[in-house]
There are 2 protein chains.
Amino acid sequence: MDQLLDILKRNQLSVTEGRKKILELFLKSPGALAHADIEKSTDASFDRVTVYRTLQTFVEKGIIHNIPTTDNSILYALCRDNCEAGHHHDNHVHFICDVCDKTICLEHVAIPEVKLPKGFKQNQTDVVISGVCSECR
Amino acid sequence: MDQLLDILKRNQLSVTEGRKKILELFLKSPGALAHADIEKSTDASFDRVTVYRTLQTFVEKGIIHNIPTTDNSILYALCRDNCEAGHHHDNHVHFICDVCDKTICLEHVAIPEVKLPKGFKQNQTDVVISGVCSECR
DNA sequence: AGCAAAAATGCAATAATGTTGCAAATTTTA
DNA sequence: TAAAATTTGCAACATTATTGCATTTTTGCT
Ligand SMILES: [Mn+2]
Ligand SMILES: [Mn+2]
Ligand SMILES: [Zn+2]
Ligand SMILES: [Zn+2]
């Protein structure tokens with residue numbers, strides 16, 4: 001079965017044009033995508049609202065995860081690990097290139113252990129590193 | 001000399017009501033502040049635009065630094081390390097409490113070393129950990 | 001295939017957030 | 001204290017996000 005359909009079915013989502021198109025974008029994209037990127041790439045084939053709702057659904061289902069940024073935007077990237085609805089466990093470092101501005105999931109760079117002071121209960125750890133990516137150097 | 005004045009003077013900023021008030025907020029606040037928090041706390045004593053510009057100025061001068069978030073907002077916190085204009089070196093971990101929703105600078109938890117794949121040049125590393133803070137447990 | 005139920009979409013209205021230019025007010029400097 | 005420099009508020013505008021509801025699409029079933 002087609003990979004797209006597979007992912008949607010597995011997550012009990014009805015398969016629609018919008019979802020297929022957006023999911024395809026993520027599968028093809030080497031890096032993370034922002035809402036704006038998706039709107040551009042899809043050439044306004046569907047409404048902004050649909051994009052918002054699709055992204056939200058995908059995050060809830062654990063199909064994509066979001067990456068914290070420092071500039072008032074949200075970036076989304078495909079979950080390669082086997083994330084579940086409501087609980088992500090993408091345990092990798094994210095890299096933002098200052099030159100090409102792409103955000104890349106470094107799937108093979110593990111999140112380091114961080115020891116917190118007494119009394120803190122640790123749930124999720126995000127590591128975002130900026131610099132120059134291997135393409136741009 | 002008053003601490004507020006001291007900080008502003010040291011950074012060659014003219015001391016105005018707005019700057020004093022906002023800086024005071026940061027000095028008093030245990031956690032990080034978003035633009036919206038500041039607007040609320042200052043009771044609309046000054047214009048939104050002034051708040052935007054003040055935050056921008058403070059970041060540029062290295063008085064505050066911003067903290068990446070996953071929700072389309074920017075958080076700001078006082079720089080305790082001796083940051084300079086244009087170059088921050090707050091080398092600490094940030095913690096977001098899932099219960100009280102506060103974001104705290106863990107000044108004494110150092111950013112761990114992360115080894116990147118060949119070809120990547122590392123510039124800045126942000127670590128944001130979520131969980132339950134020591135107050136809320 | 002055809003139909004009813006369920007779910008997703010588009011549209012419009014509205015809200016929230018951020019940016020810019022410029023005149024008036026405030027602060028600094030001399 | 002006056003002039004120069006800087007900051008502020010206002011207004012207008014731009015961008016981004018949210019919500020309700022009617023219409024369309026998809027799904028599950030016969
Ligand atoms: Mn990732
Ligand atoms: Mn901090
Ligand atoms: Zn690059
Ligand atoms: Zn807490």
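All values derive from a computational prediction rather than experimental measurement. Quick note on labels: first sequence line is chain A, next is B, and so on, each numbered from 1.
- Without hydrogens or angle criteria, B:Asp47 side chain to B:Val49 main chain gives a donor-acceptor distance under 3.5 Å.
- The side chain of B:Thr50 contributes an N or O atom lying less than 4.0 Å from OP1 or OP2 of D:dG9.
- Contact of the A:His65 side chain with the A:Cys105 side chain is registered, since non-hydrogen atoms from C-beta on lie closer than 4.5 Å.
- Contact of B:Arg53 with D:dG9 (side chain to base): a donor-acceptor pair of N or O atoms is detected under 3.5 Å.
- Here the rule is side-chain hydrogen bond (donor to acceptor under 3.5 Å, both in side chains) with A:Thr69, and of A:Asn72, A:Asp71, A:Asn66 only A:Asp71 fits it.
- With A:Thr42 contributing its side chain and A:Ser45 its backbone, the two residues share no donor-acceptor pair below 3.5 Å.
- Across the protein-nucleic acid pair, A:Asp47 atom CG and D:dT23 atom C1' stand 13 Å apart, rounded to whole Å.
- Counting only heavy atoms from C-beta outward, the side chains of B:Asp126 and A:Pro68 never approach each other to under 4.5 Å.
- Taking the six-membered ring for Trp, A:Phe58 and A:Tyr76 have ring centres at least 6.0 Å apart.
- One interatomic measurement links the two molecules: CD of A:Gln56 to P of D:dT16, which rounds to 19 Å at whole-angstrom precision.
- Taking all atoms of both residues into account, the shortest heavy-atom contact from A:Ala110 to A:Val93 is O-CG2, 3.9 Å.
- Within the model, atoms OG1 of A:Thr54 and CD1 of A:Ile38 stand 8.5 Å from one another, a figure rounded to the nearest 0.5 Å.
- Note on ring orientation: taking the six-membered ring where Trp is involved, the planes of B:Tyr52 and B:His35 are parallel (angle under 30°, cut-offs 30° and 60°).
- B:Ile96 and A:Ile111 fall into different hydrophobic clusters, where Ile, Leu, Val, Met, Phe, Trp and Tyr are joined by side-chain heavy atoms under 4.5 Å apart, directly or via other members.
- Atom CD in B:Glu60 sits about 11 Å away from atom P in D:dT7, given to the nearest Å.
- D:dT16 atom P lies 13 Å from atom OH of B:Tyr52, rounded to whole Å.
- Of the residues near DNA chain C, B:Leu13 and B:Ala36, the one whose nearest nucleotide (by heavy atom distance) lies more toward the 5' end is B:Ala36.
- At a threshold of 4.0 Å, the pair A:Lys20-A:Glu17 counts as salt-bridged, since one of the basic side-chain nitrogens sits closer than that to a carboxylate oxygen.
- Remark: A:Thr16, A:Arg19 in residues 15-27 of chain A come within less than 4.0 Å of DNA chain C through at least one heavy atom.
- Rounded to an integer number of Å, the gap from CG of B:Asn11 to P of D:dT7 is 12 Å.
- The interatomic distance linking A:Gln12 (CD) with D:dG28 (P) rounds to 10 Å, in whole Å.
- Nucleotides of DNA chain C lying under 4.0 Å from heavy atoms of chain A occupy a range whose first and last members, 5' to 3', are C:dA7 to C:dG18.
- In terms of position on DNA chain C, the residue among B:Asn72 and A:Val49 whose nearest nucleotide sits closer to the 5' end is A:Val49.
- The interatomic distance linking B:Leu8 (CG) with D:dT6 (P) rounds to 16 Å, in whole Å.
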Detail all sub-3.5 Å separations between protein N/O atoms and N/O atoms belonging to nucleotides 1-5 of chain D.
none

